[in-house]
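Read through the structure below, which is laid out as structure tokens, and then see the notes.
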There are 2 protein chains.
Amino acid sequence: MKAETSPTLPLRERKKLRTRQALIDTALELFGTQGFDGVTLDALCDAAEVSKRTFFRYFDSKEDVAMAPAQDVWVAFLDVLETCPADGRPLLTLFEDALAEAIGRMPADGWAGLVLAGRRLAALTPSMDAHCLAFCDRTTRTALALVDRRLALPGPDGQLRARLALDLLVVLFHRALDSWVAQPSGHTPQDLVRRLRATAAELPSVLTARAEPHA
Amino acid sequence: MKAETSPTLPLRERKKLRTRQALIDTALELFGTQGFDGVTLDALCDAAEVSKRTFFRYFDSKEDVAMAPAQDVWVAFLDVLETCPADGRPLLTLFEDALAEAIGRMPADGWAGLVLAGRRLAALTPSMDAHCLAFCDRTTRTALALVDRRLALPGPDGQLRARLALDLLVVLFHRALDSWVAQPSGHTPQDLVRRLRATAAELPSVLTARAEPHA
DNA sequence: TAGGCTTGTGCCACTGAGTGGCAGATTCTT
DNA sequence: AAGAATCTGCCACTCAGTGGCACAAGCCTA
């Protein structure tokens, strides 16, 4: 990941960004080789040359640092949602488009690799998975409040429908991530968007799909 | 919650069930009055008159004990899914029906109250929410494996569609729980099923619902 | 009903995540 | 250059969760 920071930022802010990024990089590196539970916070802080106290000024938990790149997408998503045109698109399409754009905004050079590392780790570490799901849930609630403020949700169940649409989006994103992570190579943001679209395309048939017993 | 246990069970098993239920009851009672974080494990174990070591022989974590009643539904769900007829119903309907039956199997006398207490707690306690979501995710995976074994999932995307259907079910259940918890009274399993059905009925319109900017 | 056998429990010491407080260092402002 | 604001390091602390071992309670034969 590039450590390059806008030179307009004051020195103090640049240093903070660098420390943060250093923690993310070394964390994912160490976790990747020794496993999440195989690395104590003390060891991580030692490697990153910060005190444990400082670590917790940047991240809320040990899990947090490994999920930071993935969380960036959702922060961007909220930002897109805040400013995107509220035309007549179906709500779910609007959300999909916003998420696709948010993914597109991610830095092209190191982000994908960090997300990949984070997801692979989450697959092996229940507590990371839990934190990830909880984060998505919180983001969903924030997004709902945002949408409720900006848009007129029609009908008495408008709020519920919007919430369901957001829940659906989260589900689609996770399944898209699954298949994206599973592929052997070509882990680009663009490819992730492609998989998101493909997963979304399955949705209508999910509502009606049938299955027969084995022959 | 009834402590009555089948008299056919050996004494040792009956004792275990009683200890387990005592832990659940006192936990939800203490958490309810002093908050999840306001009660240490030592205090809880002291109140339930067991050692901390014993607590962890019954539950994997402090969060676990408060979620036990809610988890029972999903255990029952897997059981229903294992034995239900695999007729031509749409997959999602099949899942819905199975969950409805699982809810119906819950004991009528104290279960609803415990789930209610657990959910209210989860709304205030991020770590409980996280554990709950993670548990549902794990159950989803187990269910998928089960379905894959029992049913012929058609097409190359059959697996994905089944997974999405299960994800949808979990989302529907959570939204149903939300509205069930929000109502002032009448917290019965039957009412929860009613709300699950009502939420599911919204699903088709979610895929196409639109929203306009505020007037 | 006394013997061993299995299984559950209590106790204790330990690891590791996360927090509060304060003193000292670094950056910003004027 | 000095003072204000902010960030960091250090240390002691709480509490969740684990491993190990001795003991006790239910179980099963003779």
Side-chain angles (χ1 to χ4, degrees), chain A residues 5-23 26-27 30-31 34-68 121 125-132 134-135, chain B residues 5-24 26-27 30-31 34-68 121-122 125-132 134-135:
Chain A
T5 54
S6 164
T8 63
L9 254 52
L11 172 59
R12 190 182 273 167
E13 295 304 315
R14 272 179 289 158
K15 267 195 159 180
K16 277 168 69 177
L17 281 181
R18 248 190 298 134
T19 309
R20 181 187 157 84
Q21 195 58 48
L23 277 170
T26 52
L30 289 180
F31 292 164
Q34 301 164 239
F36 184 80
D37 294 324
V39 181
T40 66
L41 264 180
D42 290 310
L44 168 57
C45 291
D46 200 38
E49 295 181 306
V50 286
S51 73
K52 199 170 60 161
R53 201 64 193 80
T54 296
F55 176 92
F56 283 107
R57 291 196 185 93
Y58 285 93
F59 303 99
D60 289 336
S61 69
K62 190 183 174 189
E63 287 82 11
D64 226 33
V65 66
M67 293 165 32
L121 222 48
T125 315
S127 73
M128 269 200 59
D129 222 19
H131 269 72
C132 177
F135 173 79
Chain B
T5 54
S6 165
T8 62
L9 253 51
L11 173 59
R12 190 184 275 168
E13 294 302 316
R14 273 179 287 156
K15 268 195 159 182
K16 277 168 68 177
L17 281 181
R18 247 190 299 134
T19 309
R20 182 186 157 84
Q21 195 58 49
L23 277 170
I24 295 174
T26 52
L30 289 181
F31 292 165
Q34 309 172 35
F36 184 80
D37 293 324
V39 181
T40 65
L41 264 180
D42 290 309
L44 168 57
C45 292
D46 200 39
E49 295 181 306
V50 288
S51 74
K52 199 170 61 163
R53 201 68 193 79
T54 296
F55 175 91
F56 283 107
R57 291 195 185 93
Y58 285 93
F59 302 100
D60 289 335
S61 68
K62 189 184 173 188
E63 288 81 13
D64 226 32
V65 67
M67 292 166 31
L121 223 47
T125 315
S127 74
M128 270 200 58
D129 221 20
H131 269 72
C132 177
F135 172 79

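What you see is a predicted model, and the numbers here were worked out from it, not measured in a lab. Every chain is numbered from 1 and lettered A, B, ... according to where its sequence line falls, protein lines coming before strand lines.
Across all strands shown, C:dG3 forms no Watson-Crick or G-U wobble pair with both key distances under 3.5 Å. In this structure, D:dC28 forms no base pair with any nucleotide, since neither Watson-Crick nor G-U wobble geometry is met with both distances under 3.5 Å.
B:Phe59 places its CZ atom 16 Å from the C1' atom of D:dA16, with the value rounded to the nearest Å. In this structure, the CG atom of A:Asp37 is 12 Å from the C1' atom of C:dT15, given to the nearest Å. Atom CZ of B:Arg12 and atom C1' of D:dA24 are 11 Å apart (whole Å). Atoms CZ (A:Arg20) and P (D:dT8) sit 13 Å apart, rounded to a whole Å. The CZ atom of B:Phe56 sits 18 Å away from the P atom of C:dG8 (whole-angstrom rounding). One interatomic measurement links the two molecules: CG of B:Leu17 to C1' of D:dG26, which rounds to 15 Å at whole-angstrom precision. Separating the CZ atom of B:Phe55 from the P atom of D:dG17 is a distance of 8 Å, rounded to the nearest angstrom. Rounded to an integer number of Å, the gap from CZ of B:Arg18 to P of D:dA25 is 14 Å.
Each of B:Val39 and A:Val50 was assigned the nucleotide of DNA chain D with the nearest heavy atom; the assignment lying further toward the 5' end belongs to A:Val50. Along DNA chain C, the nucleotide nearest B:Lys52 and the nucleotide nearest B:Lys16 are compared for position; the residue whose nucleotide lies closer to the 5' end is B:Lys16.
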### Query
Does the side chain to side chain contact (heavy atoms under 4.5 Å, CB included) test come out yes or no for A:Asp64 and A:Ser61, once each step is laid out?
CA-CA 5 Å; A:Asp64 226 33; A:Ser61 69; 3.6 Å; yes
### Message
Using side chain to side chain contact (heavy atoms under 4.5 Å, CB included), reason through A:Arg57 and A:Arg53 one step at a time and then give a plain yes or no.
### Response
CA-CA 7 Å; A:Arg57 291 196 185 93; A:Arg53 201 64 193 80; 3.5 Å; yes
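Side-chain contact between A:Val65 and A:Phe55 is present, with at least one heavy-atom pair separated by less than 4.5 Å.
Without hydrogens or angle criteria, B:Thr26 side chain to B:Leu23 main chain gives a donor-acceptor distance under 3.5 Å.
Contact between the side-chain N/O atoms of A:Thr54 and the OP1/OP2 oxygens of D:dT8 is not found at any separation under 4.0 Å. For the OP1/OP2 pair of C:dG8 and a distance below 4.0 Å, the side-chain nitrogens and oxygens of B:Tyr58 include no atom meeting the criterion. Neither OP1 nor OP2 of C:dG16 sits under 4.0 Å from any side-chain N or O of A:Thr40.
Set against D:dC27, C:dG18, C:dT9, the side chain of A:Ser61 has C:dG18 as its closest nucleotide. Here C:dT27 is the nucleotide among D:dC7, D:dG26, C:dT27 with the atom lying nearest to any side-chain atom of A:Lys15. Here C:dA17 is the nucleotide among C:dG20, D:dG17, C:dA17 with the atom lying nearest to any side-chain atom of A:Lys62. Relative to the side chain of B:Arg57, the nucleotides D:dG9, C:dT27, D:dG20 differ in distance, and D:dG20 lies closest.
On a pure distance criterion of 3.5 Å, no polar donor-acceptor pair joins the side chain of B:Arg53 and the base of D:dG17.
Rounding to the nearest 0.5 Å gives a distance of 12.5 Å between CG of B:Asp46 and NZ of B:Lys52.
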